[in-house]
Amino acid sequence: MANNGLGLMGALKTRMHWHQARQKLLAENVSNADTPRFKPHDLRAPSPAGNGGVTLAQTSPLHLGLSGQNGGFDPRDPKRFETTPSGNSVNLEDEMMKVAQNQSDYQLAASLYSKSLGLMKIAIGKGR
């Protein structure tokens with residue numbers, strides 16, 4: 001089957017939906033910054049399709065452990081060191097940085113989607 005660009009459109013649309021859902025969670029984190037015992041939530045980024053089955057491997061015991069192993073290191077899920085006496089662990093600076101990055105990533109995906117639509121219109125003779 002020929003790659004006609006529709007797979008890219010579907011991927012961009014899925015990515016934009018993911019960013020919308022993540023924005024909702026991040027907004028809930030910010031709005032609950034003063035709620036006792038509230039723990040912030042986040043969505044994991046979808047894994048890229050077609051990575052060829054490539055996985056990480058710990059090839060030496062001197063390497064940092066992979067996530068899920070003893071003392072594993074996962075840069076996407078930092079441990080929460082800052083917890084208020086009420087048990088709330090929302091760090092507003094971190095959450096606002098995530099919101100800004102998420103917004104930027106969404107705008108990039110939306111721009112690519114728009115440009116792809118424009119190219120398709122030109123290709124079928126409806127552009128300009």
Side-chain angles (χ1 to χ4, degrees):
M1 181 166 85
N3 183 2
N4 57 10
L6 295 179
L8 174 64
M9 300 286 285
L12 289 171
K13 190 174 180 181
T14 300
R15 191 65 175 191
M16 290 188 318
H17 286 296
W18 180 82
H19 282 296
Q20 289 173 339
R22 184 172 189 230
Q23 187 72 18
K24 182 177 183 248
L25 271 180
L26 294 174
E28 288 174 4
N29 291 346
V30 171
S31 67
N32 285 301
D34 292 330
T35 304
R37 293 180 300 283
F38 182 81
K39 304 288 185 236
H41 304 288
D42 201 352
L43 290 180
R44 288 199 172 191
S47 61
N51 65 357
V54 176
T55 60
L56 296 175
Q58 187 175 4
T59 58
S60 167
L62 300 176
H63 293 163
L64 290 174
L66 302 173
S67 61
Q69 294 182 352
N70 296 342
F73 174 73
D74 187 358
R76 296 164 298 167
D77 186 28
K79 299 288 184 248
R80 301 281 177 183
F81 293 110
E82 206 173 295
T83 303
T84 63
S86 68
N88 185 304
S89 60
V90 174
N91 183 328
L92 284 176
E93 290 83 11
D94 288 345
E95 296 303 315
M96 294 309 291
M97 284 177 44
K98 289 178 190 176
V99 166
Q101 183 63 49
N102 190 58
Q103 179 182 2
S104 176
D105 292 345
Y106 177 86
Q107 288 174 344
L108 174 63
S111 175
L112 288 172
Y113 188 82
S114 175
K115 296 291 182 185
S116 296
L117 280 177
L119 286 173
M120 290 181 121
K121 286 180 180 178
I122 290 171
I124 62 172
K126 303 258 181 188
R128 287 201 135 195

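If you take CG on Leu112 and CG on Leu117, they are separated by 11.5 Å, rounding to the nearest 0.5 Å. Note that CG of Asn29 and CD of Glu95 are 4.5 Å apart. Values are rounded to the nearest 0.5 Å. Annotation: the span from Gln101 atom CD to His19 atom NE2 amounts to 8.5 Å, rounded to 0.5 Å.
Every residue meeting the side chain to side chain contact (heavy atoms under 4.5 Å, CB included) condition with Thr84, not counting sequence neighbours, appears here in chain and number order: Ser86, Asn88. For Gln107, the side-chain hydrogen bond (donor to acceptor under 3.5 Å, both in side chains) test picks out no residue, with sequence neighbours left out. Listed by chain and number, the residues in a side chain to side chain contact (heavy atoms under 4.5 Å, CB included) with Ala110 are Met16, Tyr106 (sequence neighbours excluded). Every residue was checked against the side-chain hydrogen bond (donor to acceptor under 3.5 Å, both in side chains) condition with Gln103, not counting sequence neighbours, and none meets it. Listed by chain and residue number, Val99, Asn102 satisfy the side chain to side chain contact (heavy atoms under 4.5 Å, CB included) test with Gln23 (two or more places apart in sequence, or in another chain). Residues satisfying the side-chain hydrogen bond (donor to acceptor under 3.5 Å, both in side chains) test with Thr35, not counting sequence neighbours, are Asn32. Qualifying ring-ring contact (aromatic ring centres under 6.0 Å, His included) partners for Tyr113, counting only residues two or more places apart in sequence or in other chains: none. Under the side chain to side chain contact (heavy atoms under 4.5 Å, CB included) criterion, Ala100 pairs with no residue, sequence neighbours left out. Under the salt bridge (Lys or Arg N to Asp or Glu O under 4.0 Å) criterion, Arg15 pairs with no residue at all, not counting sequence neighbours.
Hydrophobic clustering, defined by side-chain heavy atoms of Ile, Leu, Val, Met, Phe, Trp and Tyr closer than 4.5 Å, groups Leu25 together with Trp18, Leu43.
For Lys39, the NZ atom sits in a packed shell: over 12 heavy atoms of surrounding residues, nucleotides or ligands are nearer than 6.0 Å.
Residue pairs meeting the salt bridge (Lys or Arg N to Asp or Glu O under 4.0 Å) criterion with at least one member in residues 23-33, sequence neighbours excluded: Lys24-Glu28.
Ala109 approaches Leu12 most closely through the heavy-atom pair O-CD2, 4.1 Å. Of all the heavy atoms in Met96 and Val30, the pair that sits closest is SD-CG2, 3.9 Å.
Using a 4.5 Å cut-off between side-chain heavy atoms of Ile, Leu, Val, Met, Phe, Trp and Tyr, with links allowed through other members, Met97 and Leu26 fall into different hydrophobic clusters.
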